[in-house]
Q: 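Provided herewith is a single structure, encoded as structure tokens, for subsequent inquiry.
Whatever order the structure lists ligands and atoms in, that order sets their numbers, starting from 1. Values below: every heavy atom of this structure, side chains too, minus hydrogens, waters and symmetry copies.
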Amino acid sequence: MPSRWPDLFQGVQSAFAPDGPQAGEIAFLTWIMIGGGAIIFLLVMALAAYAILAPQENRRWLADRRMVMIGGIALPIVVLSALLLYALGASARMVHSDPDALDIEVVGERWWWRVRYPDAENQPVLVTANEIHIPAGRPVRLRLISADVIHSFWVPRLAGKLDMIPGRANVFQIEADAPGVYRGQCAEYCGGPHALMAFDVVAETPEAFQAWLAGQRKPAAEPIVPFLARGQELFLSSGCGACHAIRGTPANGEIGPDLTHVGSRRSIAAGAFPNNQGTLAGWISDSQHLKPGNLMPSFNVFEGEDLRAIAAYLESLK
Ligand code: CUA
């Protein structure tokens, strides 16, 4: 994705390469503080050098009482008050909520993200996981809650971080200036695999977003070849549906991520691995090795053709 930021500031999670108004406020405030701090530091160092090196009669004014009043009291009050006023304004702009914002609910789970799209048109709530699709150029209001412990939602290129706290909902707004993929990460230690609790925000054109939404609302595709049908059969008969839902099949578990369109996602295990048949098979048979401590047991009962069939079936759920 081309970016308007210099290479030095690039990075999938670089707060120095903001691509939305909220992150832009933070980056600008950061630069004000870095620049202002550098100017004051250089000024103080120059005065200190002058005080040490200049001839005594030339530096007498430095010890003047007025210098202490101006440089020691007046200047800090003026600078810090100006910074405070600017920061308060920036905070107000960041928590501002647009009435026409799109509402999405994100639930912090150990150690993944449940994403819900409520709908005004009385359609059922769409539930997905670990990937948040948003329309670019439109404000999105996120309702952040937790299912268990404290997590923290952070997409550095789009906005600041906000904690997800059990028993309360924190609301804030994000917006992506342009289509692109913005990586996020849980920013509050939440136990074992906390470091492997990532996600992607996928910003799309409004048309592409609506098409994605329509596709995700559909039930899962029926297997079209015997190999995939065997995968589905194994999935349903092995108890996977106790934890996972695949809409359109009897699997309706709500403990783990909804898998109705798992094949359409960029990654598995909350941003930990790319999504393909190989990683899916590895995850099913040995998830405890790939993401130790996660809440899905390793299903090493599946081997060979059976394992490949289940992985292929899941991968086919686009
Ligand atoms: Cu969730 Cu750290």
Q: Does the pair Glu305/Arg308 count as a salt bridge with the N-to-O cut at 4.0 Å?
A: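 Counted as a salt bridge, because a side-chain N and a carboxylate O are separated by less than 4.0 Å.
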Q: Is the distance between the ring centroids of Trp154 and Phe199 under 6.0 Å?
A: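 No, too far apart.
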Q: Anything under 3.5 Å between a donor and an acceptor, one on a side chain of residues 23-30, the other on a protein residue two or more places apart or in another chain? List them.
A:
unit_1 : atom_1 : unit_2 : atom_2 : d
Glu25  : OE1    : Arg93  : NH2    : 3.2
Glu25  : OE2    : Arg93  : NE     : 2.5
Thr30  : OG1    : Ile26  : O      : 2.6

Q: Which pairs count as ring-ring contact (aromatic ring centres under 6.0 Å, His included) when at least one residue sits in residues 234-257, sequence neighbours excluded?
A: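 For residues 234-257: none.
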Q: Please enumerate all residues that pass ring-ring contact (aromatic ring centres under 6.0 Å, His included) together with Phe227, with sequence neighbours excluded.
A: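 Partners of Phe227 by the ring-ring contact (aromatic ring centres under 6.0 Å, His included) criterion come out as none, since no residue qualifies.
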Q: Anything protein N, O or S sitting under 2.8 Å from atom 2 (Cu) of ligand 1: count it and give me the total.
A: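 Protein N, O or S neighbours of atom 2 (Cu) of ligand 1 under 2.8 Å, waters not counted, come to 4.
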Q: Tell me whether the centres of the aromatic rings in Trp31 and Tyr86 are closer together than 6.0 Å.
A: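 No - the distance between ring centres of Trp31 and Tyr86 does not fall below the 6.0 Å cut-off.
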